[in-house]
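Worksheet for the structure shown next.
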2 protein chains.
Amino acid sequence: MSSSPGIGGASLLGSLETCRGDPADVKEGTGHVHGKRRLIELTEQLRAKSRKVTGPRQKILDVLRTNRHPATIREVFAQMPRGDCDLVTVYRSMHLLEGMGMVKRFDFGDGAARFELVNGRDGGHHHHLICTSCDRIVELEDCFAQEMEEAVAARNGFKSVTHKLEFFGVCPKCQTGHRV
Amino acid sequence: MSSSPGIGGASLLGSLETCRGDPADVKEGTGHVHGKRRLIELTEQLRAKSRKVTGPRQKILDVLRTNRHPATIREVFAQMPRGDCDLVTVYRSMHLLEGMGMVKRFDFGDGAARFELVNGRDGGHHHHLICTSCDRIVELEDCFAQEMEEAVAARNGFKSVTHKLEFFGVCPKCQTGHRV
DNA sequence: TTGTTTTTGCAAGTCATTTGCAACTAGAGT
DNA sequence: ACTCTAGTTGCAAATGACTTGCAAAAACAA
């Protein structure tokens, strides 16, 4: 990383370790850790699987952490201070994180894959409702296809069955004709 | 189409019109027309919307007609006698057919869109179960997500909600270790 | 048959994503 | 703290799905 020698792990993690008291760290009820402390957890996951905790990876995780909806590679890249890392590195890191189960890939059919940080051990499995007019994304809580999945698996003798389910429609705002 | 001047509409349709008695023409119970007669119906749909019935389009429809599973553009192209038409024409025709509602697009997450002929007026809405090991595709009858779709639409105030749902898993044959 | 409009082939372009490779660095070992 | 090495990164170039521009060719109506 010759172009940005200052982005070492120390600079980012160092400041993080002083943030234990971040009021947003724990979202009550969910048990999920948020805020910057979350980032420390994430980098620990990397270390735990003996992957190196590099500047680009921390930045990418930090961007993912602050995104409420699945983001494309380009969106993640755009949200990093310019010069932080190469676009290719985002692709490679995302692939790594996906393989580690730290992020989940979604496909909304617009040609670019989207990624979202996985929460909790169950992976926080859920689906999305996407406005076909303004691209607004609504995160749907929980999954209603579990039974279906089991039925389909059993009926066809398949194992390790998973599913991909997304909904598309026109959101309330776009129904009024006000393109947002 | 300088390279294949002999592929006129007459050559294909002509032979079709003599095939009314094709034993596979009507699949009992379903009311769907199959066999070559189906192709005549399809070309009529083109004419009805004043799109030209060309050689390439007939060939493409004929390939789609014989495919049991959604096929990629390349697969459709590969199934046409060489020189029948350009790959680009398959892309363009598929886009046209999709716009007309004659074919439906699916995405199994492998980078290439897949297309399947639509049957009946309801569109024969259904889903697929794909083996992640050997790519085998199982067509699942009916759709189990209709209620969900309505609930999601109502709860979020969306209109014209549709959904995309596919299942992925390991098929019986691949579970035994025999890669097929 | 002619005329108009649509369609096609070919070449080139776009865009997401991947890959080759040399330079670089995080973290382990010393 | 210093070295070593495997894992990472940047850059450039490649890949692959899909699209677009344009002139030649074909469908079909008059």
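Just so we're on the same page: letters track the sequence lines, and every chain starts at 1. Quick caveat, the model's predicted, so the values are computed rather than measured.
- Remark: P of C:dC15 and CZ of A:F77 are 16 Å apart, rounded to the nearest angstrom.
- Judged as a salt bridge (charged side-chain N to carboxylate O under 4.0 Å, His left out), and not counting sequence neighbours, the contacts of B:E98 are B:R105.
- As a whole-Å value, the separation of B:D86 CG from C:dA12 C1' is 13 Å.
- Listed by chain and residue number, B:F168 satisfy the side chain to side chain contact (heavy atoms under 4.5 Å, CB included) test with A:K164 (two or more places apart in sequence, or in another chain).
- Looking at residues two or more places apart in sequence or on another chain, you find a salt bridge (charged side-chain N to carboxylate O under 4.0 Å, His left out) between B:E75 and B:R114.
- Not counting sequence neighbours, B:E150 has no partner by the side-chain hydrogen bond (donor to acceptor under 3.5 Å, both in side chains) test.
- The separation between B:E75 atom CD and D:dG16 atom P is 15 Å, rounded to whole Å.
- An end-to-end axis angle of 30° holds for the helix from C:dT1-D:dA30 to C:dT30-D:dA1, taken from five base pairs per end and rounded to 10°.
- Looking at residues two or more places apart in sequence or on another chain, you find a ring pair (Phe, Tyr, Trp, His ring centres under 6.0 Å) between B:H125 and B:H127, B:H163.
- Nucleotide D:dC28 holds its P atom 9 Å from the CD atom of B:Q58, rounded to whole Å.
- Separating the CG atom of A:D84 from the P atom of D:dT9 is a distance of 12 Å, rounded to the nearest angstrom.
- Using a 4.0 Å cut-off between a side-chain N of Lys or Arg and a carboxylate O of Asp or Glu, B:K59 and B:D62 do not qualify as a salt bridge.
- Remark: C1' of D:dG7 and CG of A:L97 are 15 Å apart, rounded to the nearest angstrom.
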Between the protein and nucleotides 27-30 of chain C, list every N/O to N/O distance that falls short of 3.5 Å.
from, atom 1, to, atom 2, distance (Å)
C:dG27, OP1, A:R47, NH1, 3.1
C:dG27, OP1, A:V53, N, 3.1

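- Between the side chains of B:E139 and B:H69, at least one donor N or O sits under 3.5 Å from an acceptor N or O.
- Every side chain to side chain contact (heavy atoms under 4.5 Å, CB included) that B:R51 has, sequence neighbours left out, goes to B:L46, B:K49, B:R57, B:L96, B:M100.
- As rounded to whole Å, 12 Å separates atom C1' of C:dT7 from atom CG of B:L46.
- Taking the side chain to side chain contact (heavy atoms under 4.5 Å, CB included) definition, one finds that B:D107 meets it with A:D107, sequence neighbours left out.
- For A:V118, the side chain to side chain contact (heavy atoms under 4.5 Å, CB included) partners are A:K104, not counting sequence neighbours.
- With sequence neighbours left out, B:H126 forms a ring pair (Phe, Tyr, Trp, His ring centres under 6.0 Å) with B:F106, B:H128.
- The NZ atom of B:K59 sits 14 Å away from the P atom of C:dT8 (whole-angstrom rounding).
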Can you name the atoms? Protein N/O to nucleotides 16-20 of chain C N/O, anything below 3.5 Å, with the distance.
from, atom 1, to, atom 2, distance (Å)
C:dA16, OP2, A:R74, NH1, 3.4
C:dA16, O3', A:G111, O, 3.3
C:dT17, OP1, A:A113, N, 2.9
C:dT17, OP2, A:Y91, OH, 3.1
C:dG20, O6, A:R92, NH1, 3.4

